[in-house]
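First the structure, in the form of structure tokens, and then the observations on it.
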Amino acid sequence: MKPVILIGFMGAGKTTVGRELSRLLRVPLIDTDQYIEEKEGLSISELFGKYGEGWFRQRETQALVSLLEDGRDAVISCGGGLPLKEENRKLLKKAGRVVYLRIKPETVCERLRGDTSRPLLAGADAREKVSTLMKERESRYRAAADVTIDVDTLTAKETALRIAGWTGKIS
Ligand code: S3P
């Protein structure tokens with residue numbers, strides 16, 4: 001089985017769906033943000049604060065290369081900005097089956113109300129930021145994906161079951 005790779009906007013549920021899916025497919029879950037946090041010993045917010053977004057984007061690509069070198073069967077949950085670079089999109093496409101968890105801006109705002117772990121949405125006007133970033137990103141998410149699932153009305157379990165069915169591992 002090739003790795004199943006989950007991409008999409010912050011709040012789309014990549015990590016939660018990843019957890020369900022890894023259980024269903026009986027393969028480990030790898031989360032790129034968690035991997036970077038563990039390697040660097042700092043949270044994503046701390047890394048953005050200390051080194052800035054440009055550094056983080058380079059670190060993401062390095063992390064992706066290391067994780068894919070491993071070549072293990074896995075579910076890989078990617079940070080929301082990871083598929084934005086063409087270099088990363090190529091790596092993802094080559095490595096596995098890429099699933100885009102598509103979510104509406106209003107659902108992101110509902111789900112992330114009160115969340116303080118996303119530096120890109122920190123401060124005032126979170127709604128505005130979500131809608132601007134989403135507009136910038138949508139076409140790149142679609143370009144990276146083999147399949148797209150609209151997740152607004154689905155639970156993480158329902159989404160994971162759809163993906164598992166699609167991979168042909170279970171139906
Ligand atoms: C980001 C998404 C975050 C994290 C960082 C930047 C983004 O991951 O990588 O805060 O640019 O969309 P999640 O999508 O898991 O929240």
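We count ligands from 1, going down the list as the structure has it; atoms in each ligand are counted the same way. Here, residue 1 is the first one in the sequence, and each next residue gets the next number.
- For residues 118-132, the pairs satisfying side-chain hydrogen bond (donor to acceptor under 3.5 Å, both in side chains) are Asp115-Arg118, with sequence neighbours left out.
- A donor and an acceptor atom, one from each side chain of Glu138 and Tyr100, are located under 3.5 Å apart.
- Counting heavy atoms only, Arg57 comes closest to atom 11 (O) of ligand 1 of the residues Glu37, Arg57, Arg118.
- Looking at ligand 1, you'll find an N or O of Gly81 within less than 3.5 Å of one of its N or O atoms.
- The main-chain N or O of Pro83 is found under 3.5 Å from a side-chain atom of Arg89 such that the two form a donor-acceptor pair.
- Atoms of ligand 1 found under 4.0 Å from any heavy atom of Pro119 (numbered from 1 in listed order, with element): 10 (O).
- Polar contact check, Ser117 against ligand 1: no nitrogen or oxygen pair lies under 3.5 Å apart.
- When non-hydrogen atoms are compared, ligand 1 lies under 4.0 Å from neither the backbone nor the side chain of Leu84.
- Short contacts between ligand 1 and Gly79, defined as distances under 4.0 Å to a heavy atom of the residue, involve ligand atoms 8 (O), 9 (O), 14 (O).
- Contact annotation for Glu53 and ligand 1: no heavy atom of the residue comes within less than 4.0 Å of the ligand.
- A donor-acceptor pair under 3.5 Å is formed between the side chain of Glu37 and the backbone N or O of Ile44.
- Taking any N or O of Phe48, backbone or side chain, none lies under 3.5 Å from an N or O belonging to ligand 1.
- Close approach of ligand 1 to Phe56 (heavy-atom distance below 4.0 Å) involves ligand atoms 9 (O).
- Residue contact check: Leu120 has heavy atoms under 4.0 Å from atoms 7 (C), 11 (O) of ligand 1.
- For atom 13 (P) of ligand 1, the nearest non-hydrogen atom from the set Ile44, Asp33, Leu101 belongs to Asp33.
- A salt bridge does not link Asp146 with Arg97: none of the charged nitrogens is closer than 4.0 Å to a carboxylate oxygen.
- In Gln34, neither the side chain nor the backbone holds a heavy atom less than 4.0 Å from any atom of ligand 1.
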